[in-house]
Amino acid sequence: MPQIFEDTQTAFALKSDAELERAYFLFKLIGNQPLVKIGAAVTNFAIKSHLPVEGLIRATVFDHFCAGINEKDCMPTVDKLWVKGVSSVLDYSVEGKDTEDPLDNALAVTLNILDFAKEKEAMPFAVFKPTGYGRFILFEKKGAGKPFSASEKSEWDRVVKRFEATCKKAHDLNVSLLIDAEESWMQDAADELVEEMMRKFNREKAVVFNTIQLYRWDRLEYLKKLQKKAAQEGFKIGIKAVRGAYLEKENERAEEKGYRSPICSSKQETDENFNKTISYILEHLDTISLFAGTHNEESSWLLMQLMEKHQINPNDSRIWFGQLLGMSDHISFNLAAAGYNVAKYLPFGPVRDVMPYLIRRAEENTSVAGQTNRELELLKKERKRRKI
Ligand SMILES: Cc1cc2nc3c(=O)[nH]c(=O)nc-3n(C[C@H](O)[C@H](O)[C@H](O)COP(=O)(O)OP(=O)(O)OC[C@H]3O[C@@H](n4cnc5c(N)ncnc54)[C@H](O)[C@@H]3O)c2cc1C
């Protein structure tokens with residue numbers, strides 16, 4: 001591991017001894033694959049059956065990975081992180097709603113966060129998920145070029161309006177806006193929509209950021225084509241580069257339906273694709289701004305090296321490093337201490353509604369070789385340093 005990330009005193013400076021112990025306990029639990037599988041199933045059942053498990057969830061996974069149940073709740077965390085030079089991206093993590101009320105609610109929450117962000121230097125970005133603004137099936141149909149019924153057509157118009165309202169407000173308030181990426185079979189329609197938003201609102205600088213998942217082997221080509229369009233038409237591109245969170249689902253669906261999986265054939269191929277893409281972006285910083293959402297030390301280190309090679313200041317406003325709350329503090333806090341732009345995603349929402357997010361985090365930490373071990377090793381090192 002690059003030495004800069006080994007400083008656990010800086011990494012965990014904000015954690016009390018008790019919080020450090022809870023994190024250690026939690027990652028030990030998460031490291032146990034059968035336990036996570038059973039735990040996820042039991043929790044889903046308990047939540048659906050309205051059993052009183054929210055207190056238990058709050059005291060364990062929720063308080064580690066989430067900043068609160070509403071925006072106001074998150075503010076102490078935002079202020080705490082900011083003391084160490086780490087910015088916050090409030091992430092309303094309620095997923096997969098299929099009726100109009102929650103979709104309009106997600107819009108209202110994001111617009112409200114933009115207002116918060118305008119007033120708070122510690123919050124340079126807002127974020128939303130495409131399926132927070134429209135039904136999954138609608139994106140899927142649109143992307144596949146299937147015809148809409150009359151009611152679907154007006155439903156889609158409302159989705160477009162939600163995107164427009166958010167991007168316009170972000171532009172008017174001069175707050176950047178990240179738009180998450182999801183499953184490949186809904187993503188084409190989202191990409192098309194976000195591209196349109198960039199064309200409209202990124203005339204002077206990148207306000208709107210789309211997300212590309214580099215576990216997909218086709219994304220660098222996609223970005224190259226987009227870069228050509230942007231250069232020709234005179235707009236800027238904002239890119240959040242991530243590896244991708246839906247690996248198993250993607251591969252399973254491709255196999256079931258008998259098409260070539262959109263996912264790279266190995267972790268190494270994904271890593272190379274990610275690293276090649278950030279190199280490409282650094283060569284096109286005149287048109288592309290980068291938010292590197294990763295917990296991978298090698299990729300973070302590579303980005304630092306590339307910035308040095310291209311003589312870009314650590315705090316250049318076109319480059320950001322991003323991690324999730326409760327994960328990879330050794331990257332976030334050490335980078336911020338060295339003067340880089342760093343932001344943490346702060347997931348929030350009612351406990352039962354953020355469960356899909358939390359279960360994904362637990363599963364990801366279980367299935368990704370090394371990630372839990374790495375967190376555990378660092379926590380162990382810090383416990384030893386503090387003589388706990
Ligand atoms: C700030 C932030 C924002 C994010 N936003 C999004 C988002 O909008 N959409 C989204 O999908 N994800 C998002 N993620 C999650 C992200 O995609 C990854 O799942 C997660 O960060 C783990 O990848 P990593 O780069 O940290 O590194 P690592 O831990 O080094 O890599 C793990 C990743 O590698 C890939 N991988 C693992 N095994 C294989 C294999 N056998 N073959 C091919 N690839 C493999 C998978 O993508 C896996 O998640 C976000 C993450 C962060 C930190």
Side-chain angles (χ1 to χ4, degrees), residues 1-2 5 30 65 67 81 86-93 95 124-132 176-187 190-191 194 209-219 238-252 254 261-275 277-278 290-303 319-332 335 341-347 356-375:
M1 188 187 321
F5 301 133
I30 287 175
F65 290 112
L81 296 179
V86 173
S87 299
S88 294
V89 186
L90 261 59
D91 178 20
Y92 182 58
S93 301
E95 298 186 4
F125 294 92
V127 63
F128 74 89
K129 243 185 164 48
T131 57
S176 298
L177 181 66
L178 305 166
I179 303 176
D180 284 347
E182 303 175 70
E183 290 87 340
S184 59
W185 57 101
M186 60 65 65
Q187 194 58 43
D191 288 343
V194 181
F209 283 62
N210 200 11
T211 300
I212 54 172
Q213 297 153 310
L214 280 321
Y215 64 6
R216 285 182 58 175
W217 45 260
D218 64 350
R219 292 294 85 180
I239 286 293
K240 168 155 66 91
V242 301
R243 278 180 170 74
Y246 307 91
L247 177 97
E248 280 152 28
K249 222 169 163 184
E250 290 281 357
N251 282 333
E252 273 165 23
S261 170
I263 306 299
C264 293
S265 59
S266 66
K267 170 74 162 69
Q268 193 188 344
E269 211 179 286
T270 297
D271 290 346
E272 282 164 11
N273 199 30
F274 187 95
N275 293 344
T277 303
I278 56 174
L290 172 66
F291 184 104
T294 181
H295 299 144
N296 183 297
E297 292 102 356
E298 301 306 324
S299 295
S300 304
W301 177 244
L302 173 71
L303 181 51
I319 300 182
W320 283 80
F321 294 77
Q323 288 79 40
L324 308 177
L325 185 71
M327 288 170 75
S328 294
D329 286 347
H330 64 305
I331 298 182
S332 314
L335 280 176
N341 295 320
V342 182
K344 283 278 204 196
Y345 259 40
L346 266 50
Y357 172 86
L358 286 173
I359 288 173
R360 224 178 26 255
R361 288 290 80 78
E363 286 173 349
E364 173 183 279
N365 277 286
T366 305
S367 65
V368 178
Q371 180 126 346
T372 300
N373 271 345
R374 198 175 53 206
E375 294 282 357

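Order of appearance sets the numbers: ligands from 1, and atoms from 1 within every ligand.
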Ligand-side contact atoms (ligand 1) for residue partner Ala245, heavy atom cut-off under 4.0 Å: 10 (C), 11 (O), 12 (N), 17 (O), 19 (O)
Numbering as shown, the atoms of ligand 1 that approach Gly322 to under 4.0 Å (heavy-atom distance): 1 (C), 53 (C)
Heavy-atom check, side chain of Trp320 versus side chain of Ser176, under 4.5 Å: no
Which of the ligand 1 atoms, numbered from 1, are nearer than 4.0 Å to a heavy atom of Cys264: 42 (N), 43 (C)
Polar contact flag for Arg374 and ligand 1 (N/O pairs, less than 3.5 Å): no
Close side-chain approach of Arg243 to Asn273, heavy-atom, < 4.5 Å: no
Thr294 N/O to ligand 1 N/O under 3.5 Å: yes
Side chain, backbone, both or neither: the part of Asn296 lying under 4.0 Å from ligand 1 by heavy atom: both
Polar atom proximity, Leu324 to ligand 1 (N or O, under 3.5 Å): no
Minimum non-hydrogen distance to atom 51 (C) of ligand 1, winning option of Ala241, Gly293, Gly244, Ser266: Gly293
Close side-chain approach of Phe321 to Ser300, heavy-atom, < 4.5 Å: yes
Closest to atom 28 (P) of ligand 1 among Gln323, Lys267, His295 (heavy-atom distance): Lys267
Shortest non-hydrogen separation from Ser328 to Arg374 and the atoms involved: OG-NH2, 4.1 Å
Any donor-acceptor N or O pair under 3.5 Å, side chains Gln323, Ser332: yes
Leu324 side chain near His295 side chain, heavy-atom distance below 4.5 Å: yes
Location of contacts on Phe274 toward ligand 1, heavy atoms closer than 4.0 Å: neither
Contact summary for Ile278 and Ser299, nearest pair of heavy atoms: CD1-O, 3.8 Å
Taking every non-hydrogen atom, the tightest pair across Val127 and Leu177: N-CD1, 4.2 Å
Contact check, Lys240 vs ligand 1, heavy-atom distance below 4.0 Å: yes
Heavy-atom closest contact (Phe209 atom, Ile239 atom, distance): CD2-N, 3.4 Å
Distance filter under 4.0 Å to Asp180 heavy atoms, resulting ligand 1 atoms: 8 (O)
Ligand 1 to Gln213 polar contact by distance, N or O atoms, under 3.5 Å: yes
N/O separation below 3.5 Å, Arg243 to ligand 1: yes
